[in-house]
Structures are given as C-alpha cells and as structure tokens.
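These notes concern the structure reproduced below.
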Amino acid sequence: MAGVSLLPAELLLAKRVQDMVINGEEPTSLFMSRNDTKEAQDIPSHLSPIPIIDLSSFSSSTSTSEEELQKLKSALCSWGCFQAIGHGIPCAILDKIRSVAKEFFEQPMEEKKKWSKSANPEMEGYGGDPAPEQGQSLNWQDRLFLSVYPEDMRMYKYWPENPKSFREVLEDYTIKMKMVTENVSKAMAQSLQLEENCFQNQLGERATLSARFNYYSRCHKPQLVWGLRPHADGSAFTIILQDDVEGLQVLKEEQWFTVPTISNALLIILGDQMEIMTNGMFKSAVHRVVTNSERDRISVAVFYYPEKGKEIGPEEGLINEERPRLFKNLTDYGDVHFQHYQRGMRALHLAKV
Ligand SMILES: O=C(O)CCC(=O)C(=O)O
Ligand SMILES: [Fe+2]
C-alpha cells in the first residue's frame with residue numbers, strides 16, 4: 001500500500017493486538033489493507049462444500065476402497081484441502097489443546113511476555129508476525145510459534161509454563177500430529193497410485209513439525225482488516241484445528257469459501273511443497289482469515305515441512321509425456337516462501353522449470 005510507513009520492528013513487537021483491543025484502541029492504518037470491492041463474493045460456511053473425508057477408511061488394517069481414494073484425490077486436485085474426520089485423535093485431546101491455548105492467551109501480558117520471541121525476524125515464541133516489508137499490512141493477530149518435532153529441535157525457553165499442563169498437552173498433541181502426517185501422506189500417495197511411503201521418504205526422517213497458536217481478537221473494522229492476509233502455506237501440508245468461531249476462508253475458482261467449524265475435524269490444507277511433489281496434480285490452497293466484531297477466535301496450525309537441507313521434487317511416477325515435469329527439485333523452499341510472504345507474494349513460480 002502506497003504511503004504506509006512502518007513502525008520500527010521493536011515497537012511492533014512490543015504492542016500486541018489483544019492489548020490494543022483491551023485498551024479500546026482502533027486498528028491503525030498499518031492494519032488496513034482489506035478492500036473487497038473488486039473481489040469475489042464470500043460464500044458462507046453452510047454453502048461451502050469443502051470435502052469431508054473419513055481417514056479411518058485409509059487405516060492399514062482394512063483395504064481401502066477405490067471410491068474413498070478417488071474422493072481424496074478429487075478433493076486435493078480441486079480444493080487443495082479437506083476436513084478430516086475419523087483421524088483417531090480423541091475429542092478430549094482436541095479440547096485440551098484448544099483449552100491450553102485459550103488459557104495461555106487469556107493471561108496477563110506480563111506472563112505471556114516471558115515467552116516472547118527475542119528479535120525480529122526470529123520466528124519462535126510469543127508475539128506478532130515478524131514485521132513485514134515496507135508497504136505490507138499487519139495481521140490482526142497474535143501468535144505463539146513453537147518447533148515441536150523432532151524433539152531435539154524444541155526450544156523450551158519459548159514453551160509456556162502456564163497453564164501448568166501446557167507442555168504436556170502440546171507434547172501429546174505432537175505425537176498425534178505425527179501420526180496424522182504419516183496416515184495422510186500414505187493415503188495421498190495411494191490415491192495417486194504411488195508407493196505409499198514416497199512423500200515421507202522425500203520429506204526425510206527428520207521432517208519437521210511446528211505449531212502456531214493463532215489468536216484473532218475481535219475487531220471493530222472487519223471490512224478493512226485481515227486476521228491473516230491471503231497466502232498459501234510453504235509447508236508440504238498444514239493441519240488446522242479451529243475453535244467454534246468461523247474466520248478461515250479458502251479460495252477456489254475466484255470465490256472465498258468459509259470453512260465450517262466442526263468440533264472434531266482437522267482441516268488438512270496443502271502447501272506449495274505438496275503441489276511440487278505431485279508435479280502440480282494436487283493444489284496448494286490459497287487461504288485467509290477474516291476478522292469479526294463480536295468474538296475472539298483461536299486456531300492451532302501444525303506445519304509439516306521437509307527436513308532441513310533435504311531435496312524434494314516431483315515424483316517420477318507423475319512425470320510423463322502428457323504431464324511433463326512442471327517443477328524443479330529444490331531444498332529449503334520454506335525460506336524463499338517466507339521472504340516472498342513478507343512482500344505479499346507467492347513463491348511457487350520460482351520452483352517452475
Ligand atoms: O487460523 C486459521 O484458521 C488459519 C491459520 C493459517 O492459515 C496459518 O497459520 O498459516
Ligand atoms: Fe496458512
């Protein structure tokens with residue numbers, strides 16, 4: 001946006017959106033970039049046909065029906081996302097992670113600040129998005145970002161000690177998320193008639209998981225302010241747990257579909273690296289979060305990335321005469337993805353041959 005100047009990073013990091021709301025402050029121009037006039041219409045959640053897929057039908061003990069595999073493939077080719085049910089995670093565990101997230105953000109600022117990220121552009125810890133580049137607006141959001149897997153990559157200095165059960169609950173949730181990444185990666189491979197471990201092999205034994213707890217405070221100017229600006233993730237895929245407040249929207253054929261909140265579902269959303277590995281068969285879904293003036297919203301996003309330094313590229317089985325290779329092999333795509341996100345751009349074109 002022309003004419004918008006940025007505050008120094010320290011000032012931005014010192015000021016949390018949640019505090020602004022509590023103090024009755026209005027969003028400043030730094031937060032305002034939403035302008036829907038030229039844009040496609042939003043589709044409300046009750047009219048959003050985002051596919052719902054029962055992952056229990058892909059468990060290794062039963063033979064998966066062709067129909068289920070087709071349904072998964074079609075969801076990922078056309079939407080780049082689906083709502084996963086039957087994922088094997090007890091509701092109590094989903095409720096626990098939502099509840100420690102809520103308790104964490106509802107604490108006084110002095111407590112939360114103990115876990116603040118130290119310096120821009122450091123990612124881990126409590127704070128806002130790293131200050132974006134000149135001209136990019138800020139998200140109406142606070143977050144807590146933590147590496148959770150492999151275990152030796154955890155930086156416990158950023159893991160809250162309050163609420164008391166936070167660490168234990170996140171450790172349990174990580175184990176469950178690891179299981180979901182394995183099951184989903186296998187099912188995706190099968191749906192494309194590939195060897196079931198192919199994506200996991202590409203991502204490496206030390207493929208990483210990081211958890212981002214997002215807190216979107218209510219906002220008096222929802223028509224002007226993004227909870228999270230439109231973007232595609234740089235991950236292979238991301239697993240999103242929502243609470244009961246809507247806000248997440250997915251782009252398909254120039255329409256923004258609101259993702260329904262289903263209490264026991266996990267939204268699996270593909271990132272650019274899965275589009276690359278499937279040679280463009282599966283789509284990385286562009287998504288955004290809108291704000292509302294009534295209620296605060298919390299989500300927990302777990303990002304599944306390749307191991308640092310591991311080369312990934314299109315599966316050989318998906319390259320042929322009709323579908324020539326669309327993408328190069330590359331390493332650490334997440335870094336270039338992030339630099340582009342900071343400038344309000346996508347990076348996927350850089351991966352094209
Ligand atoms: O809050 C959400 O539902 C989505 C979060 C998201 O897209 C992200 O953290 O990348
Ligand atoms: Fe995202």
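Both counts, for ligands and for their atoms, begin at 1 and track the order of listing.
- Taking the six-membered ring where tryptophan is involved, the planes of Y304 and F237 are perpendicular, since the angle between them exceeds 60° and thus also 30°.
- Note: W79 and F257 have perpendicular aromatic rings, judged against thresholds of 30 and 60 degrees for the angle between ring planes.
- Distance check: I97 CD1 to L241 CG gives 8.0 Å after rounding to the nearest 0.5 Å.
- For ligand 1, the atoms closer than 4.0 angstrom to any heavy atom of L248 are 3 (O), 4 (C).
- The F303 neighbourhood of ligand 1 comprises atoms 8 (C), 9 (O), 10 (O), with distances under 4.0 Å to a heavy atom of that residue.
- Against a heavy-atom cut-off of under 4.0 Å, S299 is close to the following atoms of ligand 1: 1 (O), 2 (C), 3 (O).
- Heavy-atom contacts of I240 reach the following atoms of ligand 1: 3 (O), 4 (C) (cutoff under 4.0 Å).
- Side chains of N329 and P314 form a contact here, defined as non-hydrogen atoms less than 4.5 Å apart.
- Relative to the six-membered ring of W159, R154 misses at least one condition, a distance below 6.0 Å or an angle of at most 45° to the axis.
- The aromatic rings of Y126 and F105 sit tilted relative to each other, their planes meeting at an angle between 30° and 60°.
- Side chains of Y173 and V100 form no contact here, defined as non-hydrogen atoms less than 4.5 Å apart.
- If you number the atoms of ligand 1 from 1 as listed, the ones under 4.0 Å from a heavy atom of V289 come out as 1 (O), 2 (C), 4 (C).
- Looking at Q242 against ligand 1, nothing comes within 4.0 Å, counting heavy atoms.
- If you look at D233 and ask which of its N, O or S atoms sits nearest the Fe ion (ligand 2), the answer is OD1.
- Here the protein heavy atom with the shortest distance to atom 3 (O) of ligand 1 is R297 NH2, 2.8 Å.
- In terms of modelled atom types and a separation under 3.5 Å, the side chain of R229 and the main chain of Y341 share a donor-acceptor contact.
- At a heavy-atom cutoff of 4.0 Å, ligand 1 is contacted by the side chain of L228 but not by its backbone.
- Per-residue contacts place H287 under 4.0 angstrom from the following atoms of ligand 1 (heavy atoms of the residue considered): 7 (O).
- Of the options H231, Q249, R212, the smallest heavy-atom separation from atom 10 (O) of ligand 1 is shown by H231.
- Taking the six-membered ring where the residue is Trp, W140 and F31 present perpendicular rings, their angle passing 60° and hence far from 30°.
- Using a 4.0 Å cut-off between heavy atoms, D233 contacts ligand 1 through its side chain alone, with no backbone atom that close.
- Shown in contact with N214 at under 4.0 Å from a heavy atom are these atoms of ligand 1, numbered in order with element: 1 (O), 5 (C), 9 (O).
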